[in-house]
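Below you'll find the structure I mean.
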2 protein chains.
Amino acid sequence: MAAARVRSGGRPTLEEVAARAGVGRGTASRVINGSPRVSAQTREAVEAAVAELGYVPNRAARALAGNRTDAIALVVPESETRFFAEPYFSDIVRGVGAALADTEMQLLLTLAGNDRERRRLAQYLTAHRVDGVLLVSVHADDPLPDLLEQLGMPSVISGRRHAAETLPSVDSDNFEGARAAVDHFIARGRRSIATITGRLDVYGAQRRLDGYRKAIASAGLDPDERLIAPADFSEESGARAMRELLARRPDVDAVFAASDVMAAGARQVLRESGRRIPDDVALIGFDDSAVARHMDPPLTSVRQPIEEMGRVMAAVLLQEIAQHHEGRTEERPRIVLPTELVIRESS
Amino acid sequence: MAAARVRSGGRPTLEEVAARAGVGRGTASRVINGSPRVSAQTREAVEAAVAELGYVPNRAARALAGNRTDAIALVVPESETRFFAEPYFSDIVRGVGAALADTEMQLLLTLAGNDRERRRLAQYLTAHRVDGVLLVSVHADDPLPDLLEQLGMPSVISGRRHAAETLPSVDSDNFEGARAAVDHFIARGRRSIATITGRLDVYGAQRRLDGYRKAIASAGLDPDERLIAPADFSEESGARAMRELLARRPDVDAVFAASDVMAAGARQVLRESGRRIPDDVALIGFDDSAVARHMDPPLTSVRQPIEEMGRVMAAVLLQEIAQHHEGRTEERPRIVLPTELVIRESS
DNA sequence: ACACTTCTTGGGAGCGCTCCCAAGACTACG
DNA sequence: CGTAGTCTTGGGAGCGCTCCCAAGAAGTGT
């Protein structure tokens, strides 16, 4: 009979469940939404009906009536190929997925290209499309975060745009990660320690440079600016930076690159210059990506807990959404997760 | 005034747009949905009103009234870490995203764990949640594809479950890819050509083995079964397989691994055994992943057009959905995209 | 036994849109 | 100039659910 109904066209509605359980629509709704104001007996009857009919609430109707969507968006800048190249993306998604697993919340994936597109996106996201937004890999002058904030859309950002980030954020400890890398060099007796930075308009890259400087200063080493070579996260830029470094300070005996990919570029140049790793020059990267594990020699690297970042971002967002519904506005969580130096043979 | 309305709580509704344009709700709807049965003049008026009010249709209402969702789901087995390790996932997503970019279609990401969960998932997906489903990395005995098929949910599968796949599918040419790799060995004078296979319950892995066999046979080489070592796509299994190969046929002078990661494992073992690559043993992988590019020496590998697979999958799905709405059922597209041998220094 | 609370419960109203019917405006043709 | 289309157009009905009010049931205190 239940089968007959399913077959006969539509899926069962709340009304049908209620009829089957011999209660009113309102009561059935209460049971399904876990309201406490229902007698145990009634609850059982409704639950039985739900099971028999294989009832699943219609999301659209819920969204329309309840003015919410039970969906959040993960906004990813598709332009950032660098972002996709790393397992970063998959790990974030896995973390977010895990946090959402036993929720009714759906995950919407949005690839936003240029800034114009992102501006339009804000419109769409707020047009009752999602309850909240996860922003990933945002650059300093991205218009989207501010737009979302103005529009009152609960959002969480991975990393930060700058030191005074206003949105709730989840970041890894870039500063301490970099510092740990350089401290490791120092502990092993390296003295001419260089760094290859990422794009410094990315806050995380700046923090890595800060960590490098701090470690150098703390150790009382000579903070030579010629040991700092700017790059842009790409392999090629890493190679170029390494060449500059070698030209300016041929005595360099350690290099901290702000990404594994740049470290790979540097390694190439070091090898071409006849230097051995780690004997002549020690090398450390950042990200602990597949590239690090498979490099020759395997690359020491600073690991970020990406999957956990995803999980925490989702958790924070769910909380923001709940507060938003209740009209409250608490403090903006600004979470920093620890990094870890994974020591391999390059250092 | 428009601003006042927006500020005053809700976003503008169709009704408001209609009022502003001085037309009826039905007419406004027609304009917004691009119906041709509207006079040019009216169309303009409505479009102006839409622009002025910044109107964006309410998805939930649309879905409820129109009995569709304008959303598709990308179902990913989260268990398959192997899947996530590769850039595979990101590339598929990028391709799907590109195909959906100028559509109203939303992309839902669903991480489905075990089979029980996937069974439940079928329920949810069909409960008016999405218009179609993209299945990625499906193993032979996954219950989900059949469930979706029974429930009449438009679906597209990446790869195939077996030769007689019934769902619309988009696959890369594993057979020809493998064959090209082995032909390349043969052209360079290799004679004792081994292969390390993936899990043979994965159709693609089987096809790669078939391609290997075919190439060996076509060249009139001796098809020695001892040159075939089964593995499971993991690096460790690749290393193990390589050891077996070396033990059985120490004269092996070429190895085709069915994945880059397994090739990495094999490389390790070859190096430990004192063999040089490619001088003593040539090596080819599959996937053309970051691992291949950064291996030492850089690994020759068979490239699959992953991003394009994503794009094509989405396109096929959109078509299936359209047919579904019109009640038609055409042929099930079964698309195979070409692979490409990317020659580097390992062969 | 009576007046009050407190629990449960049913069901109307309404969320914003699409579908579709019927009516009005026009055009064409005999 | 009338009649039969053909275009446009307005707006009722209804999608399935949540919210909320009012009413009935049950329990409390005196």
Side-chain angles (χ1 to χ4, degrees), chain A residues 5-6 9-46 49-50 53-71 104 124 126-129 131 325-326, chain B residues 5-6 9-46 49-50 53-71 104 124 126-129 131 325-326:
Chain A
R5 169 165 291 135
V6 168
R11 304 193 57 86
T13 68
L14 225 208
E15 197 85 50
E16 294 174 316
V17 171
R20 172 114 185 174
V23 303
R25 180 165 35 74
T27 304
S29 174
R30 261 167 238 130
V31 171
I32 284 159
N33 292 292
S35 159
R37 349 195 100 281
V38 185
S39 72
Q41 193 184 354
T42 307
R43 162 163 288 118
E44 271 174 36
V46 174
V50 166
L53 297 177
Y55 172 75
V56 180
N58 181 317
R59 251 174 191 276
R62 256 195 176 162
L64 183 56
N67 194 39
R68 52 174 183 147
T69 61
D70 286 340
E104 278 291 80
Y124 278 83
T126 46
H128 295 299
R129 269 171 153 76
D131 294 341
H325 279 152
E326 296 165 19
Chain B
R5 170 168 289 134
V6 168
R11 303 193 59 85
T13 68
L14 225 209
E15 198 86 49
E16 294 174 316
V17 170
R20 173 114 184 173
V23 302
R25 183 166 31 77
T27 303
S29 174
R30 260 167 240 131
V31 172
I32 284 159
N33 293 291
S35 157
R37 349 196 100 279
V38 185
S39 72
Q41 192 186 355
T42 306
R43 161 163 290 118
E44 270 174 38
V46 174
V50 166
L53 298 177
Y55 171 75
V56 180
N58 181 316
R59 259 186 185 281
R62 256 193 176 162
L64 183 56
N67 194 39
R68 55 177 179 142
T69 62
D70 287 340
E104 278 290 79
Y124 278 81
T126 46
H128 296 301
R129 267 173 155 73
D131 294 340
H325 279 152
E326 295 165 20

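The chains referred to below are lettered A, B, ... by the order of the sequence lines, with proteins before strands, and numbering in each begins at 1. We use all heavy atoms of the structure for the numbers below, so side chains are in, but hydrogens, waters and symmetry mates are not.
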Could you state the atom-to-atom distance from CZ of A:Arg11 to P of D:dC15 in whole Å?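 Rounding to the nearest Å, CZ of A:Arg11 and P of D:dC15 are 17 Å apart.
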Send over the distance from B:Arg68 CZ to D:dG16 P, rounded to a whole Å.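 So the CZ-P distance, B:Arg68 to D:dG16, works out to 16 Å.
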In whole Å, I'd like the distance from the CG atom of A:Leu14 to the P atom of D:dC15.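 The distance from CG of A:Leu14 to P of D:dC15 comes to 14 Å, rounded to the nearest Å.
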Is there a donor and acceptor pair closer than 3.5 Å between the side chain of B:Arg30 and the base of D:dT8?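 No.
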How long is the line joining CZ of B:Arg59 and P of D:dC17, in whole Å?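 Result: 20 Å.
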To the nearest 0.5 Å, what is the distance between CD1 (B:Ile32) and OG1 (B:Thr27)?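 The distance works out to 11.0 Å.
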For atom CG of B:Asn58 and atom C1' of C:dG14, their distance in whole Å: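 It works out to 13 Å between those atoms.
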Does B:Thr42 make a side-chain N or O approach to OP1 or OP2 of D:dT9 shorter than 4.0 Å?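 So the side-chain polar atoms of B:Thr42 do come within 4.0 Å of the phosphate oxygens OP1 or OP2 of D:dT9, strictly under.
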Should A:Arg62 and A:Glu104 count as an ion pair when the cut-off is N to O under 4.0 Å?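 Salt bridge flag = yes for A:Glu104 with A:Arg62.
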Has B:Ser39 got a side-chain N or O lying under 4.0 Å from the OP1 or OP2 atom of D:dC7?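 It does not, given that no N or O in the side chain of B:Ser39 lies less than 4.0 Å from OP1 or OP2 of D:dC7.
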Distance, rounded to the nearest Å, where A:Asn67 contributes CG and C:dA13 contributes C1':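 Distance, rounded to whole Å: 16 Å.
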Check if the side chain of A:Arg25 and the base of D:dT18 share a donor-acceptor pair of N or O atoms closer than 3.5 Å.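 Donor-acceptor pair under 3.5 Å: yes.
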Distance (rounded to the nearest 0.5 Å) between A:Arg30 CZ and A:Arg25 CZ: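 Spacing of CZ (A:Arg30) from CZ (A:Arg25) equals 10.0 Å.
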Please tell me if A:Ser29 has a side-chain N or O lying less than 4.0 Å from either OP1 or OP2 of D:dC17.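 Indeed not, no polar side-chain atom of A:Ser29 lies that close.
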Length of the CG-C1' vector between B:Leu64 and C:dC15, whole Å: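 Atom-to-atom, B:Leu64 to C:dC15, this comes out as 9 Å.
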Going from CZ on A:Arg11 to CG on A:Leu53, what distance comes out if it is rounded to the nearest 0.5 angstrom?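 Reported value, rounded in 0.5 Å steps: 10.5 Å.
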Looking for any heavy atom pair under 4.0 Å, which part of the strands does B:Arg62 touch: base, sugar-phosphate only, or nothing?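 Result for B:Arg62 = sugar-phosphate.
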Between C1' of C:dC15 and CD of B:Glu15, the distance in whole Å: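 Roughly 12 Å, once rounded to whole Å.
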Would one find a side-chain N or O of A:Thr27 under 4.0 angstrom from OP1 or OP2 of C:dG10?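 Answer yes for this pair, as a side-chain N or O of A:Thr27 is under 4.0 Å from OP1 or OP2.
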Would you say a side-chain N or O of A:Asn33 is under 4.0 Å from OP1 or OP2 of D:dT18?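 It does, given that an N or O in the side chain of A:Asn33 lies less than 4.0 Å from OP1 or OP2 of D:dT18.
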